[in-house]
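Handing you this structure, nothing more for now.
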There are 2 protein chains.
Amino acid sequence: MRHQNRLLAALSEADGALLGPHLEAIDLPLGHVLVEPAAEIPYAIFIDTGLCSMVSTLDQGGRIEVGLVGRDGMATPALLLGTDTIPYQLFMQVAGHGHRIAVPALRDAVKASASLRTLFLRYVQTFLVQVAQTAIANAGAPAEERLARWLLMYHDRQDGDDLSVTHEFLSIMLGVRRPTVTVAIHTLEGAGLIRARRGRIRVLSRARLEEAAGQTYGPAETEYERLIGPLRRSEDSPA
Amino acid sequence: MRHQNRLLAALSEADGALLGPHLEAIDLPLGHVLVEPAAEIPYAIFIDTGLCSMVSTLDQGGRIEVGLVGRDGMATPALLLGTDTIPYQLFMQVAGHGHRIAVPALRDAVKASASLRTLFLRYVQTFLVQVAQTAIANAGAPAEERLARWLLMYHDRQDGDDLSVTHEFLSIMLGVRRPTVTVAIHTLEGAGLIRARRGRIRVLSRARLEEAAGQTYGPAETEYERLIGPLRRSEDSPA
DNA sequence: GTTGCTTTGTTCGGTTGCGGACGGTTCCGC
DNA sequence: GCGGAACCGTCCGCAACCGAACAAAGCAAC
């Protein structure tokens, strides 16, 4: 069976054989914490379905998202950069499943295969750009653009056009108030880009959503397609 | 002579011998552009003195900073991640000098030495955290905290307590208006944390500046000291 | 179909920072 | 010592967003 995870799917046969024996299928329920800040990380996780957020937990109890991982990559990229801990939390934001591999086994494989190393480091690059785009989006882009960007990033990482999110959740991810999210959703919905229902948002037009996201969306995804391969499986939904 | 650049200084003797012959001293004048977006990058640059910003250039002509490199690292980390181009611009924000190495020579050295690879990838990790902290700071932290963070980051990367910056420049780096910078500087100065003169800011108390920066400052620097070594050379200025 | 919880819609006043502009000051070159 | 440029301080009206709160609507369980 072909892996749903894009990174695993992109492996050469030899690299696949190197990792395969160490991969273990796991469930990733909603809210499951993959990594706690400063805690040693035992497994790298390749997500097949679902979404995982990397967030900073603030003293005041709030959380701010800095990165998003889905079937495009692994959690956490930092494991490839010589560290077993990170100062952020990783948790499942949309339930799904994936495969895990013990960190020592991952390290051995990466040490043994230059092509594997190259592929994984390229993913790190796309992730770095994604975080940089988050920084850019957070610097002044209006809530509506940030919302559009986030919806697109979610959309990129799953099949179909229905996204499961509440306003409350989006408000945390975007670092804004919930009413701000409500207003932004109405605007996008009024323009016909999405259709919002209780706990669910349907993407009606990716193309126009990308316009709405402005420059906050694009660079990370371009980088991914350039360095690794197609991000979305299916065709774009019609404009 | 011991390298001023922290990464080069941290090299083992063998790794130093590997890179040394390929290093070429260069001047880095103010405003010098090291990397243009999407343009192929011929050299990796290890900065000895001065400061280099990684910025996103917006359509409207504005620029937003996503990362800062000084004697702590190299420009650009992305070269270690299997790409020869990045979607951002790198330019010298404070003049200085450094050493450059042609990318193929860098790649050869990194391929040949696992310890070199490890060290450099650890630097990538610290840079990734720095960018993540930028995202966090940009998400709602008031201008004053962001200013404090930026001053500390500059201070970390040079000797002495005098920083050469104008309000105008800071406003670009922080993504706020110049008057907002002026007000924030007055606040910090009023509290006795800094002393501002025309085109110059003197750090009077690092410790209290770190307080003022809140949670925006710290994680990236902790990560650096944990993975690589001391960031600042000299002792902290008295509180 | 009623109860209770979750999610969504809306309101109010207040604050921060924006865009733009103007005047004052320091510094540099001549 | 003078002129000009760069830099700093301040003001205005305005828009976005915040914090808090409350009301309505969808959904689920019984």
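Chain A is the first sequence line, chain B the second, and so forth, proteins listed ahead of strands; every chain is numbered from 1.
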- Query: For the helix from dG1(C)-dC30(D) to dC30(C)-dG1(D), what is the angle between the axes at its two ends, each from 5 pairs, rounded to 10°?
  - Reply: 40°

Side-chain donor-acceptor pairs under 3.5 Å in residues 28-46 of chain A, sequence neighbours left out?
residue, atom, partner, partner atom, Å
Glu36(A), OE1, Gln89(A), NE2, 3.3
Tyr43(A), OH, Arg100(A), NH2, 3.4

- Note on the structure: Between Glu225(B) and Arg232(B), the two heavy atoms sitting closest are OE2-N, 4.3 Å

- Message: Ignoring hydrogens and geometry beyond distance, is a side-chain donor-acceptor pair present between Ser53(B) and Glu65(B) at under 3.5 Å?
- Response: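 Short answer, yes.
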
- Message: For Arg226(A) and Thr83(B), which I'm curious about, is there any donor-acceptor pair between the side chains at under 3.5 Å?
- Response: yes

- Note on the structure: A correct 5'-to-3' footprint of nucleotides 11-30 of chain D, with B, S and - meaning base, sugar-phosphate only and no protein heavy atom under 4.0 Å, is ------SBBB-----BS---

- Task: Would you tell me whether His99(B) and Asp48(B) have side-chain atoms, one donor and one acceptor, within less than 3.5 Å of each other?
- Result: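 Yes.
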
- Message: Could you tell me if Thr134(B) and Arg149(B) have a donor-acceptor pair between their side chains, going purely by distance under 3.5 Å?
- Response: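 Yes - a donor-acceptor pair under 3.5 Å links their side chains.
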
- With a 4.0 Å cut-off, would you call Asp72(B) and Arg6(B) a salt bridge? no

For residues 187-195 of chain B, which side-chain donor-acceptor pairs fall under 3.5 Å, sequence neighbours excluded?
residue, atom, partner, partner atom, Å
Thr187(B), OG1, Val183(B), O, 3.0
Glu189(B), OE2, Ala196(B), N, 3.0

- Minimum side-chain heavy-atom gap Glu223(B)-Gln130(B) below 4.5 Å: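 No, their side chains stay 4.5 Å or more apart.
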
- chain A on DNA chain C: first and last contacting nucleotide, 5' to 3', under 4.0 Å to a heavy atom?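 Listed 5' to 3', the contact boundaries are dT6(C) to dT10(C).
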
- Check side-chain contact (heavy atoms from CB on, under 4.5 Å) between Arg177(A) and all other residues, then give those that pass, not counting sequence neighbours.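 If we apply the side-chain contact (heavy atoms from CB on, under 4.5 Å) test to Arg177(A), skipping adjacent residues, the hits are Pro179(A), Thr180(A).
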
